[in-house]
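The model shown is predicted, which means the values in this text are computed figures rather than measured ones.
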Amino acid sequence: MATTLTARGQADGGGIGVRVVEEGDLAEWGRALSSGFMAAKGDGAPDFRRETFVPGRTLGAFDGARCVGTFRSTVRELTVPGGASLTTDAITNVTVSQTHRRRGLLTRMMTQDLATAAERGDSLAILIAAEYRIYGRYGFGPATRRKGWTVHNRLVGDVRVPAAAEGGSFELQTMEEYRKNGPELHERFRRTQPGAIDRKAVNWRLLSGDLQHPDKSWKEPLVVIYRDPAGRPAGLLAYTVKDLWPNMITRSVLKVTDHFAVDRAAAAALWRYALQVDWVERVEIPNIAPDDPLPLLLDDPRACVDGGDSSSDFMWLRILDAPTAFAARTCAAPGRVVLQVTDRLGYVDGRWVLEAAEDGTGRFTRAGTGEPADLALDVRELGTLYTGNDSTARLHAAGLVDELRPGGAARADALLRVDFRPWCPDEF
C-alpha cells in the first residue's frame, strides 16, 4: 500500500487549496504556468490551454482566487526495452510561484497525481526534470539521455549507407502532409525505440504550425520523407536553414528539428540527405540518441563534434507497479537477482526477486521471508536500471547502489543490459 509524504501545509497550506482545475480556471492557471516558466502571458492563453486540456488531469494550487502552483499529466504510451508499450502517467507543466515556495505545494500535487495514476493502473510515471535535485525524493530517476552534435560538412567526406537503402527515394512534404503522413510513420519508429513516447494530434499540430504555442516561436521547417526501395515510408527529416553568406561565402547552418526512422538503413539515408544539402556549411542536431552511430557513418568521424548544451539527462521515470512494469520489459539473459528497494512513497518498497527466463521474459515478485538481497537501492535507481539508461556496476561505483552479496551488480547487469541506450526524442 502506498503512503503519502507529510508536507508542510498538507492539511490546509495556510488557506492554499490543491484541486482539479476546471475549464473556467484555464486563464488563471495559464498565467501561473507562464510566469512559473518566466514567460509572462497576461491573459494566460486560455484558448491554447484548452487545446491540451484533459478534464481531471490538471491540478492547481490556489491561494484564494489566485493560482500559485500548476501541475498537469497526460496519458502517453512508452516503449520499454524489448519493444512492448506501457500506458504511462506523463507529468508536465509543474510550477510553484516564487512567492509560495517551500510550503509543500509540489509534494501535495505530486502525491495526489501519483496516487490517482496508481488507482488507474498506470505502472510508470515520467517527467522531464528542469532541476536535477527535486524529483528523486518522489522516486524518479534519470531514464534517458540525449546528445547534441554539430557536423562540419566539409570534413565529412562520404556518408556510409547500407545497401538496403540504395534505390530509395525522398519526397518533400507540405505542413498538411507532415500532419497527415507523420503519425503512422512515427508510431512504427516509436515501437522500435525504447524510451520513446507516442505523439498526440496536438503534438503534430504544434510541429506543423497549425497550433502556435504562446511562449515559443515557430519557424516552418522543410520536411522530407524517405521511402525504401519498395516505396514504403521509412523515415522523416524536418529542418530549418539559417542562410548566411558573409562576403559571398556560405556559412549557412541546417538545424534538424525532427528526425526518426524505422531502421538503421533509413536513418543513414536521411543523414546523407541532410549532409548533402547545397550551400550548408554545418548541420546542427540538438537531440539525438546518446549512442547513435552517426559519427561512424562518416568518412571522417571527427566532423561530428559535441553540440554543447544539448547533451544531458532528459526523461525521468518512476515505477508505480513493479510486477507489471518488469513483466513488459525484456531481459537480456536468464538469471535471478534479489533487490532490497527503498521507496518513501511505498509503491515499490521492500524486497523483490527479479527472475528472467531463457526467452527474455521477466518476473518481479516479492522475495521470501529471510531471503538475502544481492543489492540495495532506492526506487529512483531502479527506474534508471529499468530502461537501461545506466549500468548497475556504474551506479554501484558512484555509491548509488549497495552490493550486499559479491557479484550482485554483475548479475543485475546481465539481466538488464541493453544494446543501445534508451532515447526519448519528444518533450511532453
Side-chain angles (χ1 to χ4, degrees), residues 16-78 86-97 100 105-122 124-130 135 138 175 179 182-183 186-187 190 197-218 315-316 318 320 424 426-428:
I16 302 172
V18 171
R19 62 174 173 83
V20 173
V21 168
E22 304 295 338
E23 192 167 346
D25 299 315
L26 288 178
E28 176 60 25
W29 186 88
R31 278 192 289 271
L33 176 63
S34 292
S35 64
F37 284 113
M38 294 175 286
K41 191 72 178 176
D43 63 358
D47 292 338
F48 174 81
R49 305 300 173 199
R50 288 188 190 95
E51 297 288 344
T52 58
F53 178 66
V54 180
R57 298 197 66 141
T58 302
L59 299 177
F62 287 84
D63 188 352
R66 181 174 294 277
C67 186
V68 295
T70 64
F71 192 107
R72 184 169 68 90
S73 72
T74 62
V75 58
R76 303 304 282 261
E77 295 293 320
L78 172 70
L86 285 177
T87 301
T88 304
D89 184 49
I91 295 167
T92 187
N93 294 160
V94 180
T95 72
V96 173
S97 296
H100 287 70
L105 299 182
L106 172 57
T107 293
R108 292 169 64 188
M109 292 187 291
M110 179 67 77
T111 53
Q112 181 172 327
D113 179 81
L114 292 179
T116 303
E119 290 171 4
R120 279 195 307 264
D122 296 339
L124 303 171
I126 57 174
L127 54 78
I128 299 168
Y135 293 99
Y138 304 111
M175 293 300 96
R179 288 193 301 275
H186 180 271
E187 186 63 11
R190 195 267 299 178
I197 58 174
D198 64 329
R199 289 182 181 174
K200 306 300 184 186
V202 69
N203 302 121
W204 290 104
R205 292 183 63 198
L206 286 165
L207 286 168
S208 62
D210 185 56
L211 179 66
Q212 299 286 325
H213 195 290
D215 299 327
K216 298 179 181 179
S217 61
W218 179 84
M315 184 188 78
W316 288 44
R318 204 259 193 250
L320 295 170
C424 181
D426 291 289
E427 295 182 0
F428 52 92

I would like to know whether His186 and Trp204 meet side chain to side chain contact (heavy atoms under 4.5 Å, CB included); could you show each step before the answer? CA-CA 11 Å; His186 180 271; Trp204 290 104; 3.6 Å; yes
If only atom types and distance count, is the side chain of Trp29 paired as donor or acceptor with the main-chain N or O of Gly24 below 3.5 Å?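 Answer holds: no.
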Atom of [X], atom of [Y] and distance for their closest heavy-atom approach:
{"X": "Cys67", "Y": "Glu28", "answer": "N-OE2, 2.8 Å"}
{"X": "Phe37", "Y": "Asn93", "answer": "CE1-CA, 4.3 Å"}
{"X": "Arg108", "Y": "Thr111", "answer": "O-OG1, 3.4 Å"}
{"X": "Leu124", "Y": "Thr88", "answer": "O-CG2, 3.4 Å"}
{"X": "Thr95", "Y": "Ala32", "answer": "OG1-O, 3.9 Å"}
{"X": "Leu207", "Y": "Arg199", "answer": "CD1-NH1, 3.3 Å"}

Given side chains that start at C-beta, do those of [X] and [Y] come closer than 4.5 Å, heavy atoms only?
{"X": "Leu127", "Y": "Val94", "result": "no"}
{"X": "Ile16", "Y": "Leu105", "result": "yes"}
{"X": "His213", "Y": "Trp218", "result": "no"}
{"X": "Glu23", "Y": "Leu26", "result": "yes"}
{"X": "Tyr135", "Y": "Arg318", "result": "no"}

Between Arg49 and Asp215, does at least one N-O distance fall below 4.0 Å, as a salt bridge requires? yes
Arg205 atom CZ, over 12 foreign heavy atoms within 6.0 Å: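 Atom CZ in Arg205 is packed in, count exceeds 12.
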Should the heavy atoms of other residues, nucleotides or ligands under 6.0 Å from CD of Glu51 be counted, would the total exceed 12?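 Enclosed.
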Sequence-distant partners of Asp198, salt bridge (charged side-chain N to carboxylate O under 4.0 Å, His left out), two or more places apart: Arg76, Lys200
Show your reasoning for whether side chain to side chain contact (heavy atoms under 4.5 Å, CB included) applies to Asp89 and Arg120. CA-CA 10 Å; Asp89 184 49; Arg120 279 195 307 264; 3.0 Å; yes
[atom2] on [Y] to [atom1] on [X], rounded to 0.5 Å:
{"X": "Thr58", "Y": "Met109", "atom1": "OG1", "atom2": "CE", "result": "11.5 Å"}
{"X": "Tyr138", "Y": "Asp113", "atom1": "OH", "atom2": "CG", "result": "12.0 Å"}
{"X": "Gln112", "Y": "Leu59", "atom1": "CD", "atom2": "CG", "result": "5.0 Å"}
{"X": "Thr87", "Y": "Leu78", "atom1": "OG1", "atom2": "CG", "result": "10.0 Å"}
{"X": "Leu211", "Y": "Phe48", "atom1": "CG", "atom2": "CZ", "result": "5.0 Å"}
{"X": "Asp63", "Y": "Ser97", "atom1": "CG", "atom2": "OG", "result": "9.5 Å"}

Think Arg19 forms a cation-pi with Phe62, using NZ or CZ under 6.0 Å from the six-ring centre and within 45 degrees of its axis?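 Output yes; distance and angle both within limits.
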Residues Ile126, Phe428; criterion side chain to side chain contact (heavy atoms under 4.5 Å, CB included); working and verdict: CA-CA 10 Å; Ile126 57 174; Phe428 52 92; 3.8 Å; yes
